[in-house]
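In what follows, a single structure is set out as structure tokens and then discussed.
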There are 2 protein chains.
Amino acid sequence: MVTIYDIAKRANVSPMTVSRYINQSGYMSEETKRKVEKAIDELGYVPNLNARSLISKKTKILSLLITDITNPFFTKVARGAEDKAKQLGYQILLSNTDENMSKESDYIETVLATRVDGVLLAPAGDESVKNLKRLRKHHIPFVLIDREIQGIDCDLILGDSYEGARKLTEHLLQQGHRKIAMLNGPAHISTARERKRGYEETLKLADIRIDQRWISEINFKKDDAHAAIEQFLSLDRKDRPTAIFAANNFIAVSAIHALRNHGVKVPDEMTIVCFDDIDPYTNTSPYLTAASASQPAYDYGYMGIQFLIERIEGKAPASYRRIELSPEMHFATTESILK
Amino acid sequence: MVTIYDIAKRANVSPMTVSRYINQSGYMSEETKRKVEKAIDELGYVPNLNARSLISKKTKILSLLITDITNPFFTKVARGAEDKAKQLGYQILLSNTDENMSKESDYIETVLATRVDGVLLAPAGDESVKNLKRLRKHHIPFVLIDREIQGIDCDLILGDSYEGARKLTEHLLQQGHRKIAMLNGPAHISTARERKRGYEETLKLADIRIDQRWISEINFKKDDAHAAIEQFLSLDRKDRPTAIFAANNFIAVSAIHALRNHGVKVPDEMTIVCFDDIDPYTNTSPYLTAASASQPAYDYGYMGIQFLIERIEGKAPASYRRIELSPEMHFATTESILK
DNA sequence: TATTATTCTGTTATCGATAACATATTTTAA
DNA sequence: TTAAAATATGTTATCGATAACAGAATAATA
């Protein structure tokens with residue numbers, strides 16, 4: 001590999017002069033500039049960011065710690081994150097925790113060893129607090145997305161889960177549903193708790209008894225709804241829910257598949273509403289869900305990285321920011337259903 | 001930050017001894033081990049991979065250079081890549097080129113400066129040859145996925161585009177279609193050429209005249225099919241295609257949206273077949289495409305990283321491997337259509 | 001017992017870059 | 001004309017780790 005020393009020798013200057021040329025710092029005569037430039041061209045020099053990082057203590061690398069890149073929500077987050085990072089001269093390391101605390105802890109160790117400048121993360125659950133404290137202890141800035149962690153004060157980009165859940169549930173009520181099930185994520189994740197709160201309060205306000213057999217807690221993961229769906233279907237006809245509120249996209253899709261496997265037609269025989277988009281047909285026929293609360297996932301990533309870099313570069317306000325993005329409601333029209 | 005020097009001082013040994021403890025290398029007395037271990041625990045040492053990389057010339061970081069992580073095909077590639085990388089102790093840097101050569105070149109420079117150990121990439125097009133040569137010149141191992149580049153001999157993981165295209169086209173013929181359009185990707189991408197070859201040869205074998213007005217070349221990008229669809233729809237009823245072969249998932253989805261915007265019902269009034277899955281409903285009603293050639297995207301990433309690391313670690317065979325994965329055909333059944 | 005091999009630890013140099021300081025030359029201002 | 005400021009370049013130390021070499025102490029062998 002060609003180093004500044006090789007360039008220095010070839011150009012008959014000191015390595016420091018080469019360094020100055022590369023960084024456009026300090027004074028330099030036109031002639032020296034030309035000499036150095038020529039040597040760099042001839043030898044094909046490429047700076048070693050590694051060596052630079054060692055002394056500057058900045059890697060210009062960020063870590064994106066999400067639960068699963070194949071979840072379209074996080075795919076868009078990642079895209080937003082990468083776009084903003086590139087724009088500001090940073091690179092992104094990708095990690096999937098699979099909602100798994102020990103995997104998350106693993107990655108946190110790697111994050112520390114790699115000396116990334118900051119972390120954008122969607123915590124696996126409330127227990128993540130220990131990982132966040134570890135980052136804090138090592139002064140690694142981080143921004144949380146999608147999920148809040150009690151006892152950690154930090155920049156935060158969330159969706160309004162409560163409000164979205166209320167609207168989805170209200171929509172089902174308006175459609176005449178009274179037996180509404182909820183397929184929720186795990187209670188150790190803040191969004192799951194908020195969505196449940198929205199669901200329950202809406203039903204309570206409508207004076208509707210909540211049957212605990214209608215509430216199921218599974219993972220926010222691919223293909224996890226089958227057992228819960230069977231549970232619902234095993235109920236007596238009179239107790240069986242006529243609609244399901246799925247707490248995220250994966251749950252909704254899994255539920256739809258499970259229902260169809262059991263010969264239950266969606267939406268004819270079971271209405272589904274959910275958080276997140278179901279791409280690529282959101283709000284397009286053939287519709288799938290009667291309503292969805294679409295989150296601006298790209299912005300989560302884009303803003304998250306922006307906040308993170310501001311924090312890293314000391315340009316952020318002293319107090320932490322908490323952004324709550326409103327989900328955009330999509331309601332299937334009769335027309336889209338019929339078509 | 002705590003360094004091995006801090007540990008050394010605290011444990012009353014030399015830094016080299018600490019390094020030996022960390023790397024489990026050389027001889028070491030039990031007592032020294034205990035002392036070092038204790039100091040590490042007390043001070044909370046985290047190794048600096050950066051410093052290690054500087055001397056070892058290995059970063060344990062790989063670059064994943066794809067066109068767009070939001071394309072579900074590449075999302076799965078990324079997931080497969082990350083899984084394998086983690087398993088083998090590597091990290092993944094994510095980059096999106098957007099099928100854009102200058103962005104790709106940009107990233108290649110960053111790759112070189114970052115001293116990543118290798119690159120898994122889906123080249124933006126034939127012109128990528130210059131970027132690949134640049135990697136070669138700097139002895140950075142790379143593996144290509146999805147797209148082949150003439151004149152570059154390297155490990156390669158492809159889908160059988162020709163065969164998939166033949167089967168898709170044959171399916172349309174069997175369904176009775178005679179006016180079959182192709183919405184292809186750019187000719188400077190190998191998969192586009194191969195898919196076109198499959199399409200054309202199938203039609204030729206069936207003695208069907210190929211109307212050049214039915215062949216449109218657009219980008220393998222989101223939402224790029226609208227103009228081409230209008231072109232098709234502007235043809236006289238007798239010349240208008242009754243089916244469209246979309247060369248990838250993005251093109252198919254965009255085409256379906258465009259058709260619906262023009263009031264053309266899919267699939268009732270226009271049949272679509274395409275390469276890649278249309279998640280999350282592939283082969284599930286409500287169907288969208290009459291047939292699709294689904295590629296094992298996860299494996300592209302997983303195997304790609306495996307090959308790459310073998311190459312990096314000198315465990316790969318001397319001659320380059322060329323893997324051609326067969327797409328899995330999905331045909332919508334009458335039943336799924338009727339539902 | 002003398003000699004060689006094994007075990008254990010330390011010292012010095014190095015990876016590639018930059019910060020901090022030093023020196024020399026030229027320019028500007030007093 | 002001379003001191004001070006601006007320009008131009010070089011030297012040394014350092015970031016945090018490890019490779020290579022060296023020197024003890026102990027154990028094994030002849």
Determine whether the aromatic ring centres of residues B/Phe74 and B/Tyr300 are separated by less than 6.0 angstrom.
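No: the rings miss the under 6.0 Å criterion.
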When you check the phosphate oxygens OP1 and OP2 of D/dA8, does a side-chain N or O of A/Tyr27 lie under 4.0 Å from one of them?
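No.
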Is there a side-chain polar atom (N or O) of A/Ser29 under 4.0 Å from OP1 or OP2 of D/dT9?
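Yes, within the criterion.
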List in numerical order all residues of residues 10-19 of chain B for which some heavy atom is under 4.0 Å away from an atom belonging to DNA chain D.
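Within this stretch, B/Met16, B/Ser19 sit under 4.0 Å of the strand.
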Which residues in residues 35-59 of chain A have at least one heavy atom lying under 4.0 Å from any atom of DNA chain D?
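Listed by number, they are A/Leu54, A/Ile55, A/Lys57.
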Would you check if the side chain of [X] reaches a backbone N or O of [Y] as a donor-acceptor pair within less than 3.5 Å?
X: B/Arg147; Y: B/Leu144; answer: no
X: A/Arg311; Y: A/Asp155; answer: no
X: B/Ser25; Y: B/Tyr21; answer: no
X: B/Asn48; Y: B/Asn50; answer: yes

Take the protein atom [atom1] of [X] and the nucleotide atom [atom2] of [N], then report the distance between them rounded to whole Å.
X: B/Arg20; N: C/dT9; atom1: CZ; atom2: C1'; result: 6 Å
X: A/Asn23; N: C/dA17; atom1: CG; atom2: P; result: 10 Å
X: A/Lys33; N: D/dT9; atom1: NZ; atom2: P; result: 10 Å
X: A/Ile4; N: D/dT12; atom1: CD1; atom2: P; result: 16 Å

Flag for B/Ser95-A/Glu82: side-chain donor and acceptor within less than 3.5 Å:
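Per modelled atom types, A/Glu82 and B/Ser95 side chains form no pair under 3.5 Å.
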State, without any angle test, whether A/Asn96 and A/Tyr107 hold a side-chain donor-acceptor pair at a distance under 3.5 Å.
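No - no donor-acceptor pair under 3.5 Å links their side chains.
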